[in-house]
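Report on the following structure.
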There are 2 protein chains.
Amino acid sequence: MKVLFVEDEPVLIEEMVDYFSTQGYLCESASTYARAEEKIETYNYDIVIIDIGLPDGSGMNLIPRVSRSSEETGIVIVSAKNSLTDKLEGLNLGADDYLTKPFYVEELNARLHALYRRKMLKGNRHIIFDDFVIDPLSKTLSFKNKEISLTKKEYQLLLYFIVNKERVVSKPSIAEHIWGDYFDQSDNFDAVYVHLMNLRKKLNQTSGKDYIKTVYGMGYRFSAA
Amino acid sequence: MKVLFVEDEPVLIEEMVDYFSTQGYLCESASTYARAEEKIETYNYDIVIIDIGLPDGSGMNLIPRVSRSSEETGIVIVSAKNSLTDKLEGLNLGADDYLTKPFYVEELNARLHALYRRKMLKGNRHIIFDDFVIDPLSKTLSFKNKEISLTKKEYQLLLYFIVNKERVVSKPSIAEHIWGDYFDQSDNFDAVYVHLMNLRKKLNQTSGKDYIKTVYGMGYRFSAA
DNA sequence: TTTAATTCTTTAGAATTTCTTTAGAATCAG
DNA sequence: CTGATTCTAAAGAAATTCTAAAGAATTAAA
């Protein structure tokens with residue numbers, strides 16, 4: 001779960017990044033409109049949290065850009081004033097939720113959770129494909145009620161595949177979602193290969209099926225019922 | 001955990017009952033003031049969630065009745081309007097928390113969790129898992145009527161695990177809940193390790209079971225019946 | 001068609017990170 | 001002051017992650 005915080009108050013950024021990192025999110029931040037724009041164009045996020053009042057522009061204008069760059073991305077607006085027009089404008093532009101400053105990080109967390117549920121759990125508590133069940137709370141994968149132990153990277157990888165079910169995901173985008181933008185482009189993707197194969201093997205050994213297909217030269221595609 | 005929802009909107013009732021049932025709560029509902037009054041007098045609930053605006057009376061008047069029938073019961077008020085006086089009046093009458101409509105069930109869940117935690121710390125109800133009994137009043141743990149001495153930190157830790165049963169809790173979040181806000185992120189978590197191991201050892205030595213599983217790189221998970 | 005280049009699979013082990021455990025120093029409460 | 005608790009530090013263990021390398025498969029080029 002990769003999240004971008006667009007916010008100019010350093011203290012708030014720090015608080016949010018600290019908190020949500022411990023919650024298992026992959027956190028990045030942008031403190032200006034320009035930087036946010038750049039990051040949004042370059043990378044892919046699952047959720048973007050946008051403060052409206054930025055020093056060099058209104059966060060409102062970022063909303064369409066996010067939607068354009070990826071339909072999947074959830075958008076939460078944060079604003080200092082509790083203005084109904086602001087709220088409506090934001091939601092109209094395509095934001096998924098709205099929060100007024102000041103707020104508790106716990107509340108933002110609850111909203112992100114709700115958004116997460118709507119986006120990928122679609123109202124369910126578990127993610128289910130075939131005889132597999134993923135419980136995000138206990139971070140476990142099980143096959144016919146028997147737990148399959150996954151490492152952190154394998155678990156993240158699996159979730160990324162689930163979100164992009166039936167779609168071809170490229171190796172660079174996998175790397176970006178699992179390592180963040182600290183990931184050096186010049187690095188080779190050997191690590192991705194290894195984790196991918198380990199996950200593939202575990203899924204295959206327990207079910208006998210091949211869930212992850214290789215699309216030569218393009219990436220991988222995860223398919224399941 | 002038995003919960004009563006006093007709410008007249010059928011859709012909302014359904015949503016809440018659905019959600020909280022999957023969260024392991026035992027859910028009941030009352031859609032009128034009269035029905036709620038009746039249920040409160042007759043049965044015992046751990047938590048009552050009251051919508052102020054009921055068709056046949058103000059939910060506000062239910063608050064003293066709940067307190068009278070059982071001091072233990074937690075009360076959360078829900079109201080359509082974000083009125084400060086409403087909020088203050090409710091809290092004055094003995095409500096534990098206040099929530100404005102519309103809200104996300106996730107958010108209510110977070111509040112119930114917090115409430116549960118608070119109640120458990122000072123309430124006199126016993127917490128039971130397997131052959132263990134925790135008496136929050138005397139802050140003691142016993143196994144088959146034999147007391148197990150726990151230090152303060154071990155006790156807090158155990159309670160935090162119980163509240164988050166079956167969930168993966170990260171080390172930072174453990175630290176935050178036990179040492180509070182002034183816990184420095186830059187501190188290393190050695191102390192957490194130590195207390196955790198001590199608790200783990202005590203539980204294991206008395207019961208022979210392993211209650212606390214390490215989820216490598218993510219945190220720990222407590223499981224019990 | 002054959003060859004070369006690229007991309008992918010697989011394995012093994014090195015490097016790193018995270019966890020466990022112990023012991024003793026510091027701190028706190030009675 | 002004394003004893004219990006809490007914290008720090010450090011060493012070793014364990015698990016994960018990464019690197020590297022060799023071979024297989026696929027595509028592109030000759």
Side-chain angles (χ1 to χ4, degrees), chain A residues 21-22 24 26 139-141 147-161 168-180 182-205 210-222, chain B residues 139-141 147-161 168-180 182-205 210-222:
Chain A
S21 297
T22 70
L26 187 63
K139 304 200 175 179
T140 53
L141 167 73
E147 190 176 327
I148 319 292
S149 115
L150 293 183
T151 71
K152 194 174 167 186
K153 287 279 184 291
E154 286 159 13
Y155 182 78
Q156 291 175 306
L157 194 51
L158 176 59
L159 279 194
Y160 188 57
F161 272 125
V168 174
V169 290
S170 68
K171 251 191 303 29
S173 84
I174 290 174
E176 187 200 321
H177 267 263
I178 293 189
W179 283 272
Y182 310 103
F183 191 86
D184 195 345
Q185 201 68 5
S186 65
D187 276 345
N188 44 1
F189 299 104
D190 293 353
V192 179
Y193 281 131
V194 175
H195 292 298
L196 202 134
M197 293 309 144
N198 288 338
L199 174 62
R200 185 184 251 174
K201 205 184 290 172
K202 283 186 184 176
L203 293 180
N204 186 18
Q205 278 177 355
D210 264 333
Y211 286 95
I212 301 165
K213 285 230 175 71
T214 314
V215 184
Y216 200 96
M218 320 219 101
Y220 296 88
R221 181 173 47 232
F222 180 95
Chain B
K139 302 197 175 183
T140 53
L141 168 73
E147 188 177 328
I148 320 292
S149 118
L150 292 184
T151 71
K152 196 171 155 194
K153 286 280 183 289
E154 285 160 13
Y155 180 79
Q156 289 178 299
L157 193 51
L158 175 59
L159 234 45
Y160 187 57
F161 272 124
V168 172
V169 289
S170 67
K171 254 192 302 11
S173 82
I174 290 173
E176 191 196 318
H177 273 267
I178 292 189
W179 283 273
Y182 63 101
F183 188 86
D184 195 346
Q185 196 72 4
S186 64
D187 275 345
N188 44 1
F189 299 104
D190 293 353
V192 179
Y193 282 130
V194 175
H195 292 297
L196 203 133
M197 293 308 144
N198 288 337
L199 173 62
R200 185 184 252 174
K201 206 182 290 171
K202 285 186 185 177
L203 293 180
N204 186 18
Q205 277 177 356
D210 264 333
Y211 286 95
I212 301 166
K213 280 221 183 83
T214 16
V215 183
Y216 201 96
M218 302 183 160
Y220 296 88
R221 182 175 48 231
F222 180 94

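So that the names make sense, note that chain A is the first sequence line, chain B the second, and so on, each numbered from 1.
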Notebook entry, point to check: How does DNA chain C look in dot-bracket notation if pairs are Watson-Crick or G-U with both distances under 3.5 Å, crossing ones as [ ], other-strand ones as |?
Noted result: ||||||||||||||||||||||||||||||

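When distances are taken from the side chain of A:Trp179 to each of D:dT5, D:dC7, D:dC18, the shortest belongs to D:dC18. Comparing D:dT8, D:dA20, D:dT27 against the side chain of A:Tyr216 picks out D:dT27 as the nearest.
We find that CG of A:Asp190 is positioned 8 Å from P of D:dA20, with the value rounded to whole Å. For B:Glu154 and D:dT5, the CD to P distance is 8 Å, given to the nearest whole Å. Distance, B:Tyr193 OH to D:dG12 C1': 14 Å, rounded to whole Å.
Counting non-hydrogen atoms under 4.0 angstrom, A:Tyr155 reaches nothing in the nucleic acid.
Not counting sequence neighbours, the partners of A:Lys152 by the side-chain contact (heavy atoms from CB on, under 4.5 Å) test are A:Gln156, B:Met218. Evaluation of the ring pair (Phe, Tyr, Trp, His ring centres under 6.0 Å) rule for B:Tyr193 yields no partner, not counting sequence neighbours. Judged as a side-chain contact (heavy atoms from CB on, under 4.5 Å), and not counting sequence neighbours, the contacts of A:Glu147 are A:Thr140, B:Arg221.
The shortest distance between the side-chain N/O atoms of B:Thr151 and the OP1/OP2 oxygens of D:dA4 is not below 4.0 Å.
For A:Val194 and A:Leu150, each mapped to the nucleotide of DNA chain D holding its nearest heavy atom, the one lying further toward the 5' end belongs to A:Leu150.
The nucleotide range of DNA chain C contacted by chain B, defined by atoms under 4.0 angstrom from heavy atoms of the protein and reported 5' to 3', is C:dT17 to C:dT22.
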Notebook entry, point to check: Could you walk me through whether B:Lys202 and B:Leu158 pass the side chain to side chain contact (heavy atoms under 4.5 Å, CB included) check?
Noted result: CA-CA 11 Å; B:Lys202 285 186 185 177; B:Leu158 175 59; over 6 Å; no

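Interface residues of residues 196-203 of chain A facing DNA chain C, ordered by number: A:Met197, A:Arg200, A:Lys201; criterion, heavy-atom separation under 4.0 Å.
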